[in-house]
Amino acid sequence: MKVASVSDIKRIDELASARYGVSHEILMENAGAAVARVVDMVAGVRNLLVAVVAGTGNNGGDGLVAARHLASNGAEVRVFVVGREDKMTDLARINLARVRSAGIPVEFVSEENISELRSELEYSDVVVDALFGIGLNKPVEGVYRKAIEAVNSSGAIIVGVDIPSGVNGDTGQVMGVAVRADYTVTFGLPKPGLLLYPGAEYAGEIFVSRISYPRALLEDESIQVETNDPVFIPPRRPDTHKGDYGKALFVAGSRQYLGAPLFSSMSFLLAGGGYSRLATVASIVPHLGSKASEVVYEPLAETANGTVAYANLERLLKLAEWADIVVVGPGLTTEEETSRLVREVVARVDKPVVIDGDGLTAVSASPEVLRKRSKPTVLTPHLGEMSRLTGVGVDEIKQDRIGVLRRACRDLNSIIVLKGAHTLVGMPDGRVYINLSGNPGMAKAGSGDVLVGTIAAMYGLGFPIEVAVRMGVFVHGAAGDYVAARRGIDGVTATSIMHALPRVLQALREDIDGLYALYALREL
Ligand SMILES: NC(=O)C1=CN([C@@H]2O[C@H](COP(=O)(O)OP(=O)(O)OC[C@H]3O[C@@H](n4cnc5c(N)ncnc54)[C@H](O)[C@@H]3O)[C@@H](O)[C@H]2O)[C@@H](O)CC1
Ligand SMILES: Nc1ncnc2c1ncn2[C@@H]1O[C@H](COP(=O)(O)OP(=O)(O)O)[C@@H](O)[C@H]1O
Ligand SMILES: [K+]
């Protein structure tokens, strides 16, 4: 599903009326009706005590339309408008008049009577939050802040209109304070702010209503963000051999880090890859060999500190000629000699390369190595590594993940996986995918190593590199969810995620609709 930025929605809104004759009034009527329908779905509308807290903009307008529909369907509705009547938009004003003529009580809230709002809301079963939507354009203060605090302390079921008020629609950042909605009914398409934390937490369960926007507008290629939806994984055909499922070379590990090489190279096989070759320091090969015998090992010369020595360069370049894809980085350490080797390998390997962990630190020192590559480059940084790669501070990245990611992909000519809650996958052409699988149990050392093995396996299964990366991210997160559901969220470890990979592939082959439904936003 496409994910529309605030400016995308404004463009769609313009075109809907200019090109398709679908006026804003029609859209608002449908929006309010969708909100009323969800209130009925989640709380049952008959004799329900509903308070609609409306702003003076069109988000408030939606709330007023919802009030009219809810009253018509038998709910006890009261409307609280925060702000001045003379500030209302035309559409909000028109709908205020309709609410009044329907005999629904309306109260204007200002600094003088804001304290009464809190007690009024405590008597409500449901509060509809229609203060701000995509029009939010500065931190929330004064009477609006107090109104949001009153909504949050009401103890009622809270239904957000379009966006929980106070959440930035594009970034998911909270602008001072925000409504903690149990449900959010969003119009046309979801906004990034509903899918990026902390906004995703404030949105609660999301319902999407198209409100009769013409389909062509909602699927337009100019909308460059979408949810990371899984694609069907073809069956393993009988007349195939291991080479048909990809040959991956992993340059990983050191005397200090034994898990990373194991998890990355073994995950490749468990996610369907055909031939996994691990080039790592000789001293840990016997240990790894006993744990992952299906991996083929290339014992390498090591530095005094037990890291991969530069002298292995020619050997690694030769091995790379054999491979379909090369993964560099997990557990290599940031030993200067080893980092120098990483930069040389990345510069000269004429194959798709996935760079993870300490490999990212190595290439951060000379990003032009990435720019010069002709074959696809995949980077899999978490926030800290992304900050080193881009020179942008972690807090600044959090303020605009999609913008920072998009610029970095273009600047480094790389596919970048910005890991975290709702991992983002950015493409050099500006497209960004928001991944909805995964859980906080995965925030554990080693789970990133499983991810790179899974990405390489998707490429081995035959997906084009861009699809392989986003499928790897989806499958990895779904595997983490599979473990959390069956063993408890604390049972999610690199090992348990790794062993759940085949289950997810099986589910994708046998019941992709069921798996898709697990992560898709609910459509009205
Ligand atoms: N654009 C569209 O196609 C549609 C928009 N609709 C609704 O219209 C909403 C957008 O309406 P508006 O553009 O009127 O804006 P909002 O209703 O989201 O915001 C109301 C006004 O609040 C003011 N404001 C912003 N931040 C503030 C702050 N921190 N403190 C105090 N005041 C602040 C702004 O001047 C803004 O115009 C959407 O979110 C959606 O709910 C729907 O009717 C469906 C169609
Ligand atoms: N709160 C979270 N919710 C969902 N997934 C998460 C969360 N925190 C981390 N993850 C996932 O777990 C993995 C962590 O990888 P990473 O930070 O590289 O750990 P390591 O390098 O130690 O393996 C990433 O795939 C990331 O998306
Ligand atoms: K709202």
Side-chain angles (χ1 to χ4, degrees), residues 6 9-14 16-17 22-32 34-35 53-63 65 82-83 87-89 91-92 95 128-145 148 151 159-167 169 175-179 181 184-188 191 197 209 211 213 259-260 263-264 329-331 356-358 360 380-385 417-424 435 437-452 454 472-473 476-477 480-481 492 494 497:
V6 169
I9 284 288
K10 287 180 174 164
R11 184 177 68 253
I12 289 171
D13 185 32
E14 279 308 306
S17 50
V22 178
S23 71
H24 199 150
E25 182 155 16
I26 292 173
L27 294 168
M28 182 173 284
E29 189 65 21
N30 292 343
V35 171
V53 181
T56 55
N58 289 335
N59 193 249
D62 298 346
V65 171
V82 186
K87 285 271 203 179
M88 293 182 93
T89 59
L91 281 178
N95 281 293
V128 172
D129 156 36
L131 276 170
F132 305 120
I134 59 171
L136 180 75
N137 56 21
K138 57 183 183 290
V140 180
E141 283 151 5
V143 67
Y144 291 100
R145 182 182 195 91
I148 287 177
V151 171
V159 178
V161 175
D162 205 21
I163 299 171
S165 299
V167 168
M175 298 181 74
V177 68
V179 166
T184 295
V185 187
T186 196
F187 311 121
K191 287 76 185 176
Y197 285 93
S209 173
I211 59 171
Y213 277 120
F263 296 131
S264 48
D356 180 51
D358 297 321
L360 290 169
T380 57
H382 51 55
L383 267 175
E385 290 156 343
V417 176
L418 179 53
K419 295 183 289 193
H422 289 178
T423 289
L424 300 180
N435 188 61
S437 67
N439 63 71
M442 298 172 73
K444 260 176 218 160
S447 64
D449 306 316
V450 176
L451 172 64
V452 290
T454 309
V473 168
H476 177 252
D481 291 338
V492 179
I497 297 170

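Counting convention: from 1, in listed order, for ligands and their atoms alike.
Every atom of ligand 2 with a heavy atom of His382 under 4.0 Å away is listed here by number and element: 17 (O), 18 (O). Of all atoms in ligand 2, listed by their number and element, those nearer than 4.0 Å to a heavy atom of Thr423 are 27 (O). Atoms of ligand 2 found under 4.0 Å from any heavy atom of Asp449, numbered from 1 in the order shown, are 23 (O). Every atom of ligand 2 with a heavy atom of His476 under 4.0 Å away is listed here by number and element: 25 (O).
At distances below 3.5 Å, not a single donor-acceptor pair connects side-chain atoms of His476 with backbone N or O atoms of Val452. No donor-acceptor pair closer than 3.5 Å links the side chain of Ser165 to the backbone N or O of Val179. Side-chain atoms of Glu29 never come within 3.5 Å of backbone atoms of Ile26 as a donor-acceptor pair (strictly under, hydrogens ignored).
We find the CG-CG distance between Leu136 and Leu131 to be 10.0 Å, quoted to the nearest 0.5 Å.
Ligand 2 has no nitrogen or oxygen under 3.5 angstrom from a nitrogen or oxygen of Asp356.
At least one N/O/S atom of Ile163, whether from backbone or side chain, sits less than 3.4 Å from the K ion (ligand 3). Among the backbone and side-chain atoms of Pro164, none of the N, O or S atoms lies under 3.4 Å from the K ion (ligand 3).
Checked against Phe187 for a side-chain contact (heavy atoms from CB on, under 4.5 Å), the options Val161, Ile163, Leu27 give a single hit: Val161.
Contact residues for ligand 1 (protein heavy atom closer than 4.0 angstrom to any ligand atom): Asp13, His24, Leu27, Met28, Gly57, Asn58, Asn59, Asp62, Phe132, Gly133, Ile134, Gly135, Leu136, Asn137, Lys138, Pro139, Val140, Tyr144, Asp162, Phe187, Ile211, Tyr213.
With a 4.5 Å cut-off on side-chain heavy atoms, Thr423 and Val417 count as touching. Counting only heavy atoms from C-beta outward, the side chains of Val143 and Val82 approach each other to under 4.5 Å.
Gly357 does not count as a contact of ligand 2, since none of its heavy atoms falls under 4.0 Å from the ligand.
A donor-acceptor contact closer than 3.5 angstrom links the side chains of Ser437 and Asn435.
Shortest contact from atom 14 (C) of ligand 2 to any protein heavy atom: Ser447 OG, 3.3 Å.
Contact annotation: for Met442 versus ligand 2, heavy atoms closer than 4.0 Å belong to both the backbone and the side chain. Neither the backbone nor the side chain of His422 has any atom closer than 4.0 Å to an atom of ligand 2 (non-hydrogen atoms only).
Here atom 15 (O) of ligand 2 lies nearest to Gly448 when heavy atoms of Ser264, Gly448, Gly446, Pro440 are compared. Closest to atom 5 (N) of ligand 2 by heavy atom, among Asn439, Asn435, Thr380, is Asn439.
Counting just the N/O/S atoms of Asp129, the one with the shortest distance to the K ion (ligand 3) is named O.
Geometry about the K ion (ligand 3) gives an angle of 100° between OD1 of Asn59 and OG of Ser165, rounded in steps of 10 degrees.
Residues satisfying the salt bridge (charged side-chain N to carboxylate O under 4.0 Å, His left out) test with Asp481, not counting sequence neighbours, are none.
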